[in-house]
Number of protein chains: 2
Amino acid sequence: MRIGELAAKAGVSVRALRYYEEQGLLVAERSPSGQRHYPDSGVDQVLLIQQLYAAGLPSRSIRAVLPCVETGEATPELLEWFTAERDRIDRQMRDLASARDRLDSLIVGATAVWRSGRPCPAR
Amino acid sequence: MRIGELAAKAGVSVRALRYYEEQGLLVAERSPSGQRHYPDSGVDQVLLIQQLYAAGLPSRSIRAVLPCVETGEATPELLEWFTAERDRIDRQMRDLASARDRLDSLIVGATAVWRSGRPCPAR
DNA sequence: CTAAGACCTGACGTTGACGTCAGAGGCAAG
DNA sequence: CTTGCCTCTGACGTCAACGTCAGGTCTTAG
(Lines give C-alpha, C1' and ligand atoms only; values in the text may rest on other atoms or scores of the structure.)
Protein backbone atom coordinates (compact mmCIF):
# COMPACT_ATOMS: atom_id res chain seq x y z
CA MET A 1 0.00 0.00 0.00
CA ARG A 2 1.09 3.59 -0.48
CA ILE A 3 1.80 6.15 2.19
CA GLY A 4 -1.62 7.77 2.29
CA GLU A 5 -3.40 4.49 2.87
CA LEU A 6 -0.99 3.47 5.60
CA ALA A 7 -1.43 6.85 7.26
CA ALA A 8 -5.20 6.44 7.22
CA LYS A 9 -5.10 2.86 8.52
CA ALA A 10 -2.66 3.68 11.29
CA GLY A 11 -4.30 6.96 12.20
CA VAL A 12 -1.25 9.14 11.74
CA SER A 13 -0.28 11.81 9.26
CA VAL A 14 1.65 11.25 6.07
CA ARG A 15 4.24 13.66 7.40
CA ALA A 16 4.68 11.52 10.49
CA LEU A 17 5.41 8.44 8.39
CA ARG A 18 8.06 10.24 6.41
CA TYR A 19 9.48 11.49 9.68
CA TYR A 20 9.62 7.94 11.05
CA GLU A 21 11.53 6.86 7.99
CA GLU A 22 13.88 9.82 8.39
CA GLN A 23 14.50 8.68 11.97
CA GLY A 24 15.19 5.11 10.86
CA LEU A 25 12.11 3.67 12.51
CA LEU A 26 10.24 2.58 9.41
CA VAL A 27 11.54 1.27 6.11
CA ALA A 28 9.70 1.39 2.80
CA GLU A 29 10.15 -0.19 -0.56
CA ARG A 30 10.37 2.26 -3.40
CA SER A 31 8.66 1.98 -6.76
CA PRO A 32 10.82 2.90 -9.78
CA SER A 33 9.35 6.37 -9.64
CA GLY A 34 10.36 6.75 -6.00
CA GLN A 35 7.02 6.24 -4.32
CA ARG A 36 6.97 4.42 -1.00
CA HIS A 37 5.21 1.08 -0.70
CA TYR A 38 4.49 -0.67 2.57
CA PRO A 39 3.44 -4.22 3.44
CA ASP A 40 0.32 -4.86 5.52
CA SER A 41 2.51 -5.37 8.56
CA GLY A 42 3.37 -1.69 8.34
CA VAL A 43 0.17 -0.84 10.17
CA ASP A 44 1.19 -2.77 13.27
CA GLN A 45 4.69 -1.37 13.08
CA VAL A 46 3.37 2.16 13.05
CA LEU A 47 1.01 1.41 15.93
CA LEU A 48 3.95 0.09 17.93
CA ILE A 49 5.97 3.19 17.16
CA GLN A 50 3.07 5.36 18.24
CA GLN A 51 2.75 3.40 21.45
CA LEU A 52 6.39 3.94 22.27
CA TYR A 53 6.19 7.64 21.43
CA ALA A 54 3.15 7.86 23.69
CA ALA A 55 5.26 6.44 26.48
CA GLY A 56 7.64 9.34 26.09
CA LEU A 57 10.45 7.44 24.39
CA PRO A 58 12.49 9.62 22.04
CA SER A 59 13.22 8.49 18.50
CA ARG A 60 16.66 7.22 19.41
CA SER A 61 15.29 4.87 22.05
CA ILE A 62 12.61 3.59 19.74
CA ARG A 63 15.21 3.00 17.08
CA ALA A 64 17.07 0.86 19.59
CA VAL A 65 14.02 -1.01 20.78
CA LEU A 66 12.38 -1.90 17.49
CA PRO A 67 14.82 -4.51 16.16
CA CYS A 68 14.87 -6.19 19.57
CA VAL A 69 11.10 -6.44 19.60
CA GLU A 70 11.38 -8.34 16.34
CA THR A 71 14.25 -10.62 17.28
CA GLY A 72 13.65 -10.84 21.01
CA GLU A 73 17.33 -10.34 21.58
CA ALA A 74 19.45 -7.55 22.97
CA THR A 75 22.99 -6.82 24.06
CA PRO A 76 23.67 -6.31 27.75
CA GLU A 77 24.17 -2.57 27.21
CA LEU A 78 20.84 -2.33 25.46
CA LEU A 79 19.22 -4.27 28.29
CA GLU A 80 20.61 -1.78 30.74
CA TRP A 81 19.25 1.04 28.62
CA PHE A 82 15.82 -0.56 28.38
CA THR A 83 15.76 -1.15 32.10
CA ALA A 84 16.53 2.50 32.68
CA GLU A 85 13.74 3.50 30.31
CA ARG A 86 11.35 1.15 32.05
CA ASP A 87 12.24 2.65 35.40
CA ARG A 88 11.73 6.10 33.99
CA ILE A 89 8.29 5.05 32.81
CA ASP A 90 7.54 3.66 36.26
CA ARG A 91 8.51 6.96 37.84
CA GLN A 92 6.42 8.84 35.35
CA MET A 93 3.43 6.61 36.14
CA ARG A 94 3.82 7.39 39.82
CA ASP A 95 4.01 11.11 39.03
CA LEU A 96 0.90 10.82 36.93
CA ALA A 97 -0.91 8.89 39.63
CA SER A 98 -0.20 11.45 42.32
CA ALA A 99 -1.22 14.34 40.08
CA ARG A 100 -4.34 12.46 39.08
CA ASP A 101 -5.24 11.84 42.71
CA ARG A 102 -4.78 15.50 43.45
CA LEU A 103 -7.03 16.47 40.56
CA ASP A 104 -9.49 13.79 41.59
CA SER A 105 -9.82 14.95 45.17
CA LEU A 106 -10.18 18.49 43.91
CA ILE A 107 -13.00 17.37 41.62
CA VAL A 108 -14.71 15.34 44.30
CA GLY A 109 -14.38 18.11 46.86
CA ALA A 110 -15.60 20.83 44.55
CA THR A 111 -18.52 18.71 43.41
CA ALA A 112 -19.45 18.07 47.03
CA VAL A 113 -19.36 21.79 47.81
CA TRP A 114 -21.33 22.52 44.72
CA ARG A 115 -24.01 19.95 45.60
CA SER A 116 -24.29 21.07 49.19
CA GLY A 117 -26.42 24.03 48.25
CA ARG A 118 -23.96 26.74 47.34
CA PRO A 119 -25.51 28.93 44.64
CA CYS A 120 -22.65 28.61 42.19
CA PRO A 121 -19.02 28.13 43.15
CA ALA A 122 -16.81 31.14 43.33
CA ARG A 123 -14.79 32.18 40.37
CA MET B 1 13.52 34.43 50.81
CA ARG B 2 14.96 35.52 47.47
CA ILE B 3 14.73 33.71 44.19
CA GLY B 4 18.00 31.82 44.39
CA GLU B 5 17.17 30.32 47.73
CA LEU B 6 13.72 29.26 46.62
CA ALA B 7 15.18 27.72 43.50
CA ALA B 8 17.63 25.71 45.59
CA LYS B 9 15.00 24.60 48.09
CA ALA B 10 12.53 23.57 45.42
CA GLY B 11 15.11 22.01 43.18
CA VAL B 12 14.37 24.07 40.11
CA SER B 13 16.26 26.76 38.23
CA VAL B 14 15.98 30.47 38.80
CA ARG B 15 14.90 30.79 35.19
CA ALA B 16 12.05 28.36 35.80
CA LEU B 17 10.73 30.45 38.68
CA ARG B 18 10.74 33.59 36.58
CA TYR B 19 8.98 31.62 33.87
CA TYR B 20 6.31 30.46 36.32
CA GLU B 21 5.71 34.05 37.29
CA GLU B 22 5.50 35.04 33.65
CA GLN B 23 2.86 32.34 33.20
CA GLY B 24 0.90 33.56 36.19
CA LEU B 25 1.56 30.48 38.29
CA LEU B 26 3.62 32.08 41.02
CA VAL B 27 3.43 35.53 42.53
CA ALA B 28 6.23 37.33 44.31
CA GLU B 29 6.50 40.38 46.46
CA ARG B 30 8.97 42.92 45.22
CA SER B 31 11.47 44.83 47.29
CA PRO B 32 11.76 48.57 46.49
CA SER B 33 14.66 47.75 44.20
CA GLY B 34 12.58 45.22 42.30
CA GLN B 35 13.91 41.99 43.72
CA ARG B 36 11.51 39.12 44.23
CA HIS B 37 10.76 37.87 47.72
CA TYR B 38 8.86 34.69 48.50
CA PRO B 39 7.25 33.32 51.64
CA ASP B 40 8.19 29.88 52.96
CA SER B 41 5.04 28.47 51.43
CA GLY B 42 6.58 29.20 48.04
CA VAL B 43 8.50 25.96 48.24
CA ASP B 44 5.35 23.86 48.42
CA GLN B 45 3.74 25.92 45.70
CA VAL B 46 6.65 25.30 43.37
CA LEU B 47 6.62 21.60 44.19
CA LEU B 48 2.94 21.47 43.30
CA ILE B 49 3.57 23.27 40.04
CA GLN B 50 6.34 20.83 39.26
CA GLN B 51 4.07 17.92 40.01
CA LEU B 52 1.43 19.19 37.63
CA TYR B 53 4.00 19.87 34.92
CA ALA B 54 5.26 16.33 35.42
CA ALA B 55 1.75 15.10 34.76
CA GLY B 56 1.85 16.76 31.37
CA LEU B 57 -0.42 19.66 32.21
CA PRO B 58 0.38 22.78 30.20
CA SER B 59 0.80 26.14 31.91
CA ARG B 60 -2.74 27.20 31.11
CA SER B 61 -4.23 24.19 32.87
CA ILE B 62 -2.03 24.67 35.87
CA ARG B 63 -3.02 28.30 36.02
CA ALA B 64 -6.63 27.16 36.16
CA VAL B 65 -6.04 24.47 38.75
CA LEU B 66 -3.92 26.34 41.26
CA PRO B 67 -6.50 28.72 42.74
CA CYS B 68 -8.96 25.84 43.06
CA VAL B 69 -6.45 23.78 44.98
CA GLU B 70 -6.27 26.64 47.46
CA THR B 71 -9.97 27.37 47.75
CA GLY B 72 -11.33 23.90 47.05
CA GLU B 73 -13.91 25.44 44.81
CA ALA B 74 -14.49 25.48 41.09
CA THR B 75 -17.04 26.50 38.53
CA PRO B 76 -18.89 23.78 36.62
CA GLU B 77 -16.95 24.58 33.47
CA LEU B 78 -13.68 24.23 35.33
CA LEU B 79 -14.86 20.96 36.79
CA GLU B 80 -15.56 19.69 33.30
CA TRP B 81 -12.11 20.80 32.25
CA PHE B 82 -10.47 19.11 35.20
CA THR B 83 -12.40 15.94 34.54
CA ALA B 84 -11.19 15.96 30.97
CA GLU B 85 -7.62 16.44 32.14
CA ARG B 86 -7.99 13.63 34.64
CA ASP B 87 -9.29 11.34 31.93
CA ARG B 88 -6.39 12.32 29.72
CA ILE B 89 -4.01 11.42 32.52
CA ASP B 90 -5.79 8.10 32.92
CA ARG B 91 -5.37 7.35 29.25
CA GLN B 92 -1.74 8.33 29.41
CA MET B 93 -1.23 6.01 32.36
CA ARG B 94 -2.73 3.16 30.38
CA ASP B 95 -0.46 3.99 27.44
CA LEU B 96 2.52 4.05 29.74
CA ALA B 97 1.51 0.75 31.32
CA SER B 98 1.22 -1.05 28.01
CA ALA B 99 4.50 0.33 26.75
CA ARG B 100 6.14 -0.59 30.02
CA ASP B 101 4.78 -4.14 29.81
CA ARG B 102 6.12 -4.43 26.31
CA LEU B 103 9.54 -3.23 27.41
CA ASP B 104 9.35 -5.50 30.41
CA SER B 105 8.60 -8.65 28.48
CA LEU B 106 11.35 -7.70 26.06
CA ILE B 107 13.76 -7.37 28.95
CA VAL B 108 12.68 -10.60 30.59
CA GLY B 109 12.79 -12.48 27.30
CA ALA B 110 16.17 -11.15 26.28
CA THR B 111 17.61 -11.83 29.70
CA ALA B 112 16.33 -15.41 29.52
CA VAL B 113 17.90 -15.88 26.10
CA TRP B 114 21.08 -14.35 27.33
CA ARG B 115 21.24 -16.62 30.37
CA SER B 116 20.43 -19.76 28.38
CA GLY B 117 23.95 -19.97 27.10
CA ARG B 118 23.97 -17.85 23.97
CA PRO B 119 27.46 -16.36 23.56
CA CYS B 120 26.36 -12.74 23.23
CA PRO B 121 23.08 -11.59 21.77
CA ALA B 122 22.96 -10.31 18.25
CA ARG B 123 23.30 -6.61 17.54
C1' DC C 1 34.66 51.69 49.78
C1' DT C 2 34.96 47.99 46.97
C1' DA C 3 34.71 43.61 45.00
C1' DA C 4 32.10 39.50 44.53
C1' DG C 5 28.07 37.49 44.02
C1' DA C 6 23.03 37.51 43.45
C1' DC C 7 19.52 39.70 40.97
C1' DC C 8 17.08 42.39 37.21
C1' DT C 9 14.99 42.75 32.22
C1' DG C 10 15.06 41.62 27.51
C1' DA C 11 16.01 38.79 23.99
C1' DC C 12 17.58 35.05 21.35
C1' DG C 13 18.68 29.77 21.32
C1' DT C 14 17.25 24.80 22.00
C1' DT C 15 14.82 20.42 21.35
C1' DG C 16 11.44 17.01 19.40
C1' DA C 17 7.75 15.65 16.64
C1' DC C 18 5.80 16.92 13.58
C1' DG C 19 2.70 21.00 10.40
C1' DT C 20 2.78 23.48 6.30
C1' DC C 21 4.07 25.27 2.00
C1' DA C 22 6.29 25.35 -2.69
C1' DG C 23 7.33 23.39 -6.84
C1' DA C 24 7.55 19.25 -9.48
C1' DG C 25 6.42 14.66 -10.89
C1' DG C 26 3.33 10.19 -11.02
C1' DC C 27 -1.13 7.65 -11.97
C1' DA C 28 -5.83 6.05 -12.99
C1' DA C 29 -10.31 7.74 -15.13
C1' DG C 30 -12.75 9.67 -18.70
C1' DC D 1 -4.60 13.65 -23.40
C1' DT D 2 -5.96 16.06 -19.73
C1' DT D 3 -7.81 16.49 -15.28
C1' DG D 4 -7.52 15.74 -10.53
C1' DC D 5 -5.63 13.46 -6.78
C1' DC D 6 -1.53 11.36 -4.73
C1' DT D 7 3.21 11.53 -3.95
C1' DC D 8 8.01 13.38 -3.94
C1' DT D 9 11.94 16.42 -1.85
C1' DG D 10 13.40 20.35 0.58
C1' DA D 11 12.84 23.78 3.60
C1' DC D 12 10.91 26.75 6.92
C1' DG D 13 7.31 27.23 10.89
C1' DT D 14 5.42 25.81 15.53
C1' DC D 15 4.99 25.17 20.42
C1' DA D 16 6.36 24.69 25.32
C1' DA D 17 9.43 24.96 28.98
C1' DC D 18 12.91 26.49 29.81
C1' DG D 19 18.71 27.58 28.81
C1' DT D 20 21.83 31.11 27.96
C1' DC D 21 23.80 35.48 27.17
C1' DA D 22 24.30 40.62 27.53
C1' DG D 23 24.41 44.63 30.06
C1' DG D 24 23.15 46.77 34.08
C1' DT D 25 21.67 47.11 39.31
C1' DC D 26 21.63 45.52 44.27
C1' DT D 27 23.51 43.65 48.41
C1' DT D 28 26.74 42.30 51.56
C1' DA D 29 31.32 40.76 53.46
C1' DG D 30 35.68 42.50 54.39
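Just so it is clear: chains get the letters A, B, ... in the order the sequence lines come, proteins before strands, and each one is counted from 1. In this text, all values refer to a predicted model and were calculated from it rather than measured experimentally. Note that these values count all heavy atoms, side chains included, but never hydrogens, waters or copies made by symmetry.
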Picking from dC26(D), dC18(C), dC18(D), which would you name as closest to the side chain of Ala16(B)?
-> dC18(D)

Mind calculating the distance between CG (Leu17(B)) and C1' (dA6(C)) to the nearest angstrom?
-> 14 Å

To the nearest Å, how far apart are Ile3(B) CD1 and dA6(C) P?
-> 13 Å

Rounded to the nearest angstrom, tell me the gap between atom CZ in Arg60(B) and atom C1' in dA16(D).
-> 13 Å

Sidechain N-carboxylate O distance under 4.0 Å for Glu21(A), Arg30(A) | yes

note: Glu5(A), atom CD; dT7(D), atom C1'; distance rounded to Å ~ 14 Å

Rounded to whole angstroms, how far apart are CD on Gln50(B) and P on dC18(D)?
-> 6 Å

Taking dA17(C), dC27(C), dC26(D) as options, the one with an atom nearest any side-chain atom of Ser33(B) is dC26(D)

5' precedence on DNA chain D between Arg15(B) and Ser59(B) (nearest-nucleotide basis) | Ser59(B)

Roughly, in whole Å, what's the span from CG in Leu52(A) to C1' in dA17(C)?
-> 15 Å

Sugar-phosphate only, base, or nothing, as touched by Ser31(B) at under 4.0 Å among non-hydrogen atoms | nothing

Between Pro32(B) and Leu57(B), whichever has its closest DNA chain D nucleotide further toward 5' is Leu57(B)

Think Arg2(A) has a side-chain N or O under 4.0 angstrom from the OP1 or OP2 of dA28(C)?
-> no

Please check if the side chain of Thr83(A) supplies one atom and the backbone of Leu79(A) the other of a donor-acceptor pair under 3.5 Å.
-> yes

Looking only at dA17(C), dC18(C), dT27(D), the nucleotide nearest the Gln35(B) side chain is dT27(D)

Transitively linked via ILVMFWY side-chain contacts under 4.5 Å: Val27(B) with Leu52(B)?
-> no

Tell me whether the OP1 or OP2 atom of dT9(D) has a side-chain N or O from Arg30(A) closer than 4.0 Å.
-> yes

For the helix from dC1(C)-dG30(D) to dG30(C)-dC1(D), what angle lies between the axis at the first five pairs and the axis at the last five pairs, to 10 degrees?
-> 0°

Is Leu25(B) touching bases, backbone alone, or none of the nucleic acid, heavy atoms closer than 4.0 Å?
-> nothing

Kindly say if Tyr19(A) contacts the phosphate of dC18(C), meaning a side-chain N or O under 4.0 Å from OP1 or OP2.
-> no

Judged by modelled atom types alone, do Glu77(B) and Thr75(B) share a side-chain donor-acceptor pair under 3.5 Å?
-> yes

Does the side chain of Tyr53(A) pick up a donor-acceptor pair with the side chain of Ser59(A) at under 3.5 Å?
-> yes

Phosphate OP1/OP2 of dT9(D): any Arg18(A) side-chain N/O under 4.0 Å | no

Does a nitrogen or oxygen in the side chain of Tyr20(B) sit under 4.0 Å from OP1 or OP2 of dC18(D)?
-> yes

Would you kindly give the CD-to-P distance between Glu22(B) and dC8(C), to the nearest whole Å?
-> 13 Å

Under-4.0 Å side-chain N/O to phosphate OP1/OP2 contact, Ser13(A) with dG19(C) | yes

Check the surroundings of atom CD in Glu22(A): do more than 12 heavy atoms from other residues, nucleotides or ligands lie under 6.0 Å from it?
-> yes

Is Arg2(A) paired with Glu5(A) through a side-chain N to carboxylate O contact shorter than 4.0 Å?
-> no

Over how many whole Å does the gap from Leu26(B) atom CG to dA17(D) atom P extend?
-> 15 Å

May I ask you to decide if Leu57(B)'s main-chain N or O and Ser61(B)'s side chain share a donor-acceptor pair within less than 3.5 Å?
-> no

